[in-house]
Amino acid sequence: MSPSFRVEPKHWTLIAALIVATYACYLLIEPYIGAIVLAFIVSLLFFPVHNRIEQRLGGRPNTAAVLSCVLLTFIIIIPLTLVAAAIIQQGVSFFTQSYDWLNNGGAKSLMNNPQVQGALHFFNQWLPFDLIDPQETVKKLAAWMSSFSGQMLEFSSKVLGDVTNFFINFMLMLFVLFFLLRDHESIIQTLRHVIPLSRSQEDQLLDEVEKVAKSAVLGSFLTALAQGAAGGLAMWAVGLPALFWGTMMAFASFIPVVGTALIWLPTVVYLAITGEWQWALGLLIWSVVVVGSIDNLLRPFLMQGNSGMNTLLIFFSLLGGLHLFGLMGLIYGPIIFSLTLVLFRMYEIEFERFLDRQDNA
């Protein structure tokens with residue numbers, strides 16, 4: 001029987017020094033943590049493909065990792081560049097045309113629409129707001145559209161100006177990804193060795209991280225992509241820039257509760273008040289039935305890896321993650337919640353006798 005391990009003061013000193021050093025290392029890499037985490041997630045998703053490449057090359061890890069990174073570059077960079085350029089072009093064109101429409105009497109004719117007049121009369125008569133002046137509303141719309149068009153142009157310039165920064169972050173992500181793919185097994189073995197838990201507990205933690213990271217990416221980003229594609233198709237059918245508004249709907253799908261309705265609902269109202277009742281009804285049905293079903297069915301299916309999390313916990317993990325970490329919080333949030341649940345399960349197992357005695361006391 002092996003002697004039990006005894007914790008001495010020097011051990012606590014070493015642990016404290018290790019915590020301080022680890023925090024100092026975190027501060028050093030904190031500006032690049034997004035690229036590092038993204039590389040970690042991509043490595044989990046792409047490792048099966050990389051493993052096949054390495055097997056085909058006869059077990060040459062360096063060459064396989066380089067080929068995997070080159071393949072990912074062609075898969076991500078080229079389509080992303082083309083799509084981003086098209087989105088910017090469609091967005092600027094749309095808001096420029098909308099501004100011209102407002103200034104050339106389009107808004108005035110819209111305000112003179114009998115249905116709009118009836119709605120304004122209802123609001124002015126029954127709702128506890130200030131009276132709505134159509135002429136003043138047109139002026140405010142024109143001013144807002146002018147400001148928004150300027151912001152779009154500024155945003156486009158900023159995006160083009162940030163291309164260098166994007167490529168630097170992407171190259172950093174590829175650099176980290178190379179080592180994560182090449183040294184995958186040794187990294188896992190090192191983590192297993194330094195984590196002071198039993199092998200079964202280590203397996204639980206590592207499996208949960210991998211499972212939740214994959215499901216968070218699939219559940220959030222693939223759902224957004226599917227909703228954006230379905231919404232873009234509907235926008236194309238009603239005569240609006242499909243790529244731009246489809247992308248806007250994809251981003252809106254990350255917003256809890258409101259989601260894609262932030263985009264398609266005003267469009268339905270606009271089509272209705274301009275007399276396009278058939279298109280308005282068609283877009284409403286498509287958005288509720290198809291786009292809404294994607295969120296209600298596809299997201300839970302893809303996020304089923306969060307086995308210990310119910311819908312309420314998933315909702316707050318996504319909402320809190322967005323609030324604290326931005327878009328990357330859609331990955332961080334579920335991972336933090338899931339690991340917390342795993343640690344609670346470990347706590348229940350380790351302290352089972354004590355907890356049972358407390359329950360029966």
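Note that this is a predicted model, so its numbers are computed, not measured.
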Asks: Are L233 and W236 packed together at the side-chain level, in the sense that at least one heavy-atom pair is separated by less than 4.5 angstrom?
Replies: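 Touching, per the 4.5 Å side-chain cut-off.
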Asks: Side chains of residues 170-190: which donor-acceptor partners sit under 3.5 Å, not counting sequence neighbours?
Replies:
| residue | atom | partner | partner atom | Å |
| --- | --- | --- | --- | --- |
| R182 | NH1 | N62 | OD1 | 3.1 |
| S186 | OG | D183 | O | 3.0 |
| T190 | OG1 | S186 | O | 2.8 |

Asks: Determine which pairs satisfy side chain to side chain donor-acceptor pair (under 3.5 Å) with at least one residue from residues 278-289, sequence neighbours left out, and list them in order.
Replies: none
Asks: Kindly indicate, with the supporting measurements, whether the criterion side chain to side chain contact (heavy atoms under 4.5 Å, CB included) is fulfilled by L324 and Y332.
Replies: CA-CA 9 Å; L324 284 178; Y332 297 164; over 6 Å; no
Asks: Is it true that L28 and V20 fall in one hydrophobic cluster, defined by side-chain heavy atoms closer than 4.5 Å?
Replies: no
Asks: Considering only residues two or more places apart or on different chains, which pairs with a residue in residues 19-41 satisfy side chain to side chain donor-acceptor pair (under 3.5 Å)?
Replies: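 Sorted result for residues 19-41: empty, none.
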Asks: Please state whether the rings of F47 and H50 are parallel, tilted or perpendicular, taking 30° and 60° as the class boundaries.
Replies: tilted
Asks: Specify the closest pair of heavy atoms between W264 and M249, including all atoms of both residues, with the distance to one decimal.
Replies: CD1-CE, 3.7 Å
Asks: Could you check W245 against T267 for side chain to side chain contact (heavy atoms under 4.5 Å, CB included), going step by step and ending with a plain yes or no?
Replies: CA-CA 10 Å; W245 287 114; T267 308; over 6 Å; no
Asks: Quick one: pull up CG in L72 and CG in L67 and give me the separation to the nearest 0.5 Å.
Replies: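 The CG atom of L67 is 11.5 Å from CG of L72, to the nearest 0.5 Å.
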Asks: Suppose we screen for side-chain contact (heavy atoms from CB on, under 4.5 Å). Which residues come up paired with I285, at least two apart in sequence or across chains?
Replies: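 side-chain contact (heavy atoms from CB on, under 4.5 Å) check on I285 returns L281, V289.
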Asks: First locate atom CD1 of I294, then atom OG1 of T260, and finally report the distance between them rounded to the nearest 0.5 Å.
Replies: 9.0 Å
Asks: I29: what forms a side-chain contact (heavy atoms from CB on, under 4.5 Å) with it, not counting sequence neighbours?
Replies: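 I29: side-chain contact (heavy atoms from CB on, under 4.5 Å) contacts with I33, I36.
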Asks: For the pair Q227 (side chain) and A250 (backbone), establish whether a donor and an acceptor sit closer than 3.5 Å, ignoring hydrogens and angles.
Replies: no
Asks: Could you report the tightest heavy-atom contact between L283 and A234, atom names first, then the distance?
Replies: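 The answer is CD1-CB, 3.6 Å.
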Asks: Could you tell me which residues satisfy side-chain contact (heavy atoms from CB on, under 4.5 Å) with R52, sequence neighbours excluded, listed by chain and number?
Replies: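 Scan of R52 (side-chain contact (heavy atoms from CB on, under 4.5 Å), adjacent residues dropped) gives none.
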